[in-house]
Each structure stands twice: as C-alpha cells, then as structure tokens.
Amino acid sequence: MLTWQSDLYALGVAAMDAAHAEFCRLVDAASRASDEDFPYLLHALIEHTRGHFDHEERLMRECGFPALAEHASEHRRVLGELLHMANAVEEGRLRFARLYVSQGLPAWFRNHLATMDAALAASLKREATRAPADDTLPVS
Ligand SMILES: [Fe+2]
Ligand SMILES: [Fe+2]
C-alpha cells in the first residue's frame, strides 16, 4: 500500500509533489483493484509514470543537474520493470505483477523519493532562491 502523506513525502516543489501524490493514488488504486480491473489500472500507472519521469528529466536538464544520467537511468530501469509487469499480466502471471505493484513499487518509491528526487528538489529550490545577477550597477 502507498498513501500520499505530505508531511512524509512532500519535497517542497509543487509540480513534483503533485506528480508524487498522483503516483501514490494510482499505485494504491491498482493495489486495491479487482483482478479484472488490475490490467487497466496498471496501464494508467505506466502512462502516469512515463510523464512523471519525463517531467523530472526536463527539470534536471533545465537546471543542469549533475546526477541527471544516474537519475534518468534509474527511471528507465523502473519503467522497464513496469512494462515487464504488463507483459507478465498478458501471460497470465497476475499474482507476480500484483505483488510488484503492492510491495516492490512502494518500497522503491520511498527510497527514490528520499534520495534522488529529494536531491533534485533541493537543487531546484536552491536555484529558485539564488539572487539574480545584479547588472544594474553603474559602470565606473
Ligand atoms: Fe519522482
Ligand atoms: Fe525521479
């Protein structure tokens, strides 16, 4: 189970927090779904995750984030796992995919949030509070 808790999970960057709250909502919905509804909700989770990861990678490029390659590679790995689970469902291995979504994915999310996403949010907040270069001083 994964329930969004802003006191635990909010990083202070509104767009990232909104994406993470939606991620939690979709993981929770898929975890609670009937076997019949699970495949559809897994696809919704995969679509959200693609957008969520693309958005973070765009933020990293825009702020020149030094660990972009490492963070993006972790995103690719997890997206690959999710696609592997969608294949597993098509092959009838529903229990395997359900265990991943209800246990493996929440554990991954908490760790990724506290490490890579937290580092990105800290970098974005530093960037936002940095004083603009003062080019108004008269040239003497
Ligand atoms: Fe994230
Ligand atoms: Fe991330």
Side-chain angles (χ1 to χ4, degrees):
M1 289 299 154
L2 185 61
T3 306
W4 169 257
Q5 292 169 268
S6 56
D7 54 331
L8 284 183
Y9 300 144
L11 297 173
V13 174
M16 289 180 77
D17 290 341
H20 292 152
E22 178 67 358
F23 180 84
C24 291
R25 191 188 69 76
L26 289 165
V27 169
D28 194 53
S31 300
R32 293 169 185 273
S34 64
D35 285 350
E36 193 186 354
D37 290 341
F38 180 80
Y40 164 78
L41 289 164
L42 177 59
H43 279 105
L45 175 61
I46 290 171
E47 281 318 298
H48 156 84
T49 303
R50 257 189 236 284
H52 162 183
F53 289 175
D54 283 351
H55 174 249
E56 283 181 12
E57 288 161 30
R58 197 164 58 244
L59 292 174
M60 286 192 266
R61 281 192 298 275
E62 285 169 5
C63 77
F65 188 65
L68 188 156
E70 186 190 358
H71 193 153
S73 138
E74 179 61 10
H75 284 169
R76 273 195 301 280
R77 188 187 69 75
V78 169
L79 196 55
E81 282 184 355
L82 279 164
L83 293 169
H84 181 67
M85 294 306 149
N87 282 337
V89 168
E90 280 181 25
E91 290 165 2
R93 291 182 295 143
L94 192 64
R95 189 172 147 66
F96 175 61
R98 294 203 68 136
L99 266 177
Y100 174 80
V101 169
S102 63
Q103 294 181 21
L105 202 53
W108 170 81
F109 172 76
R110 291 186 189 100
N111 181 57
H112 184 79
L113 183 88
T115 55
M116 293 185 171
D117 284 356
L120 171 59
S123 176
L124 292 168
K125 286 188 284 187
R126 265 198 309 275
E127 188 91 352
T129 56
R130 187 182 296 160
D134 191 348
D135 58 1
T136 60
L137 291 175
V139 177
S140 55

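Small disclaimer: the values here were computed from a predicted structure and weren't measured. In each ligand, atom 1 is the first atom listed, and ligand 1 is the first ligand listed.
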Heavy-atom check, side chain of L2 versus side chain of D28, under 4.5 Å: no

Parallel, tilted or perpendicular, as decided by the 30° and 60° cut-offs, for the rings of F23 and H48: tilted

Carboxylate-amine/guanidinium contact R58 D54, below 4.0 Å: no

H71 atom NE2 and H112 atom NE2 as seen from the Fe ion (ligand 2), angle to 10 degrees: 90°

Any N, O or S atom of H52 closer than 2.8 Å to the Fe ion (ligand 2): no

Whether F53 and H75 hold their rings parallel, tilted or perpendicular, with breakpoints at 30° and 60°: parallel

N/O/S atom of E74 inside 2.8 Å of the Fe ion (ligand 2), strictly under: no

Angle subtended at the Fe ion (ligand 1) by OD2 of D117 and NE2 of H20, nearest 10°: 80°

In one Ile/Leu/Val/Met/Phe/Trp/Tyr side-chain cluster, 4.5 Å: L42, F96: yes

Shortest-distance N/O/S atom, E56 versus the Fe ion (ligand 1): OE2

